[in-house]
Amino acid sequence: QVQLGESGGGLVQAGGSLRLSCAASGGTFSSYAMGWFRQAPGKEREFVAAISWNGGRTYYADSMKGRFTISRDNAKNTVYLQMNSLTPEDTAVYYCAATKTPVNSDTRYRRNYDYWGQGTQVTVSS
């Protein structure tokens, strides 16, 4: 059983940056690919980015490319999401998740993830 805990959310002005962290415990972190999703009020949870078990492969939703960067530190059992050039449309609860699925186009789908964190709120003001 893997437990995931997100942190780093908060209130930021449009154009600003935030770095989210997700700490894992209770399992072999390096055996999982990790993903970030987000859910805005009244909307479906959507895929943001994913990273392979060793960080060698990443995958992004098209709308996040160039602004968001996913990374991981297996020594710290932590995955990160660096978010730049934030807009009010990025306002959402951000979730990290763990999967055994290799990082490819299937990584976008929530059904492929085994463990989820509780989420951290990101609010971008205009």
Side-chain angles (χ1 to χ4, degrees):
Q1 189 81 4
V2 176
Q3 290 82 44
L4 302 173
E6 302 92 338
S7 62
L11 176 64
V12 62
Q13 289 189 330
S17 298
L18 278 176
R19 188 176 82 154
L20 305 183
S21 299
C22 171
S25 62
T28 305
F29 178 70
S30 60
S31 69
Y32 289 89
M34 298 296 296
W36 285 97
F37 288 73
R38 69 184 187 183
Q39 188 166 17
K43 294 188 176 181
E44 294 283 322
R45 190 172 299 189
E46 65 173 344
F47 172 75
V48 173
I51 188 166
S52 61
W53 68 274
N54 64 351
R57 184 173 174 84
T58 57
Y59 189 82
Y60 294 91
D62 287 343
S63 60
M64 320 301 173
K65 287 180 182 177
R67 296 193 303 126
F68 291 8
T69 302
I70 189 170
S71 61
R72 68 188 295 161
D73 185 340
N74 286 348
K76 296 182 178 179
N77 288 353
T78 301
V79 61
Y80 305 98
L81 184 68
Q82 176 68 42
M83 305 185 294
N84 298 327
S85 302
L86 288 164
T87 73
E89 288 68 38
D90 295 313
T91 295
V93 177
Y94 284 71
Y95 299 88
C96 67
T99 178
K100 291 284 192 177
T101 302
V103 173
N104 53 38
S105 58
D106 286 344
T107 308
R108 297 171 293 165
Y109 300 111
R110 290 177 289 167
R111 64 175 181 264
N112 292 322
Y113 289 80
D114 303 303
Y115 303 103
W116 292 83
Q118 294 299 307
T120 186
Q121 176 70 48
V122 172
T123 302
V124 184
S125 63
S126 57

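Because the structure is a prediction, the values reported are computed rather than measured.
- Counting heavy atoms of neighbouring residues, nucleotides and ligands inside a 6.0 Å radius, atom CD of Gln3 exceeds 12 of them.
- In the hydrophobic clustering, Leu81 connects to Val2, Leu4, Val12, Leu18, Leu20, Phe29, Tyr32, Met34, Trp36, Val48, Ile51, Tyr60, Met64, Phe68, Ile70, Val79, Met83, Leu86, Tyr94, Tyr115, Val122, Val124, either directly or through intervening members, whenever side-chain heavy atoms lie under 4.5 Å apart.
- For residues 34-54, the pairs satisfying salt bridge (charged side-chain N to carboxylate O under 4.0 Å, His left out) are Arg38-Glu46, Arg38-Asp90, Glu44-Arg110, with sequence neighbours left out.
- Judged by distance alone, with hydrogens and angles left aside, the side-chain atoms of Thr87 form a donor-acceptor pair with the main-chain N or O of Glu89 at under 3.5 Å.
- Applying ring-ring contact (aromatic ring centres under 6.0 Å, His included) to Phe37 and the options Tyr113, Tyr95, Tyr109 leaves one that passes, Tyr113.
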* Go through the steps for Asp73 and Tyr80 under the test side-chain contact (heavy atoms from CB on, under 4.5 Å), then give the verdict. => CA-CA 8 Å; Asp73 185 340; Tyr80 305 98; 4.1 Å; yes
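- Summarising the geometry of Ala14 relative to Ser126, their closest heavy-atom pair is CB-CA, 4.3 Å, with the distance given to 0.1 Å.
- Thr99 contributes a side-chain N or O that, together with a main-chain N or O of Asn112, makes up a donor-acceptor pair within less than 3.5 Å.
- A distance-only check finds no donor-acceptor pair linking the side chain of Gln13 to the backbone of Ser125 [under 3.5 Å].
- Transitive grouping of hydrophobic side chains (ILVMFWY, heavy atoms separated by less than 4.5 Å) brings Trp116 and Tyr59 into a common cluster.
- The disulfide (SG to SG under 2.5 Å) pairs that include a residue from residues 2-50 are Cys22-Cys96, where partners are two or more places apart or lie in different chains.
- Counting only heavy atoms from C-beta outward, the side chains of Asp114 and Lys100 approach each other to under 4.5 Å.
- Geometrically, Arg108 does not engage Phe47 in a cation-pi contact, judged by NZ or CZ lying under 6.0 Å from the ring centre and within 45° of the ring axis.
- Minimum interatomic distance between Gly9 and Thr120 (heavy atoms only, all atoms of both residues): N-OG1, 3.2 Å.
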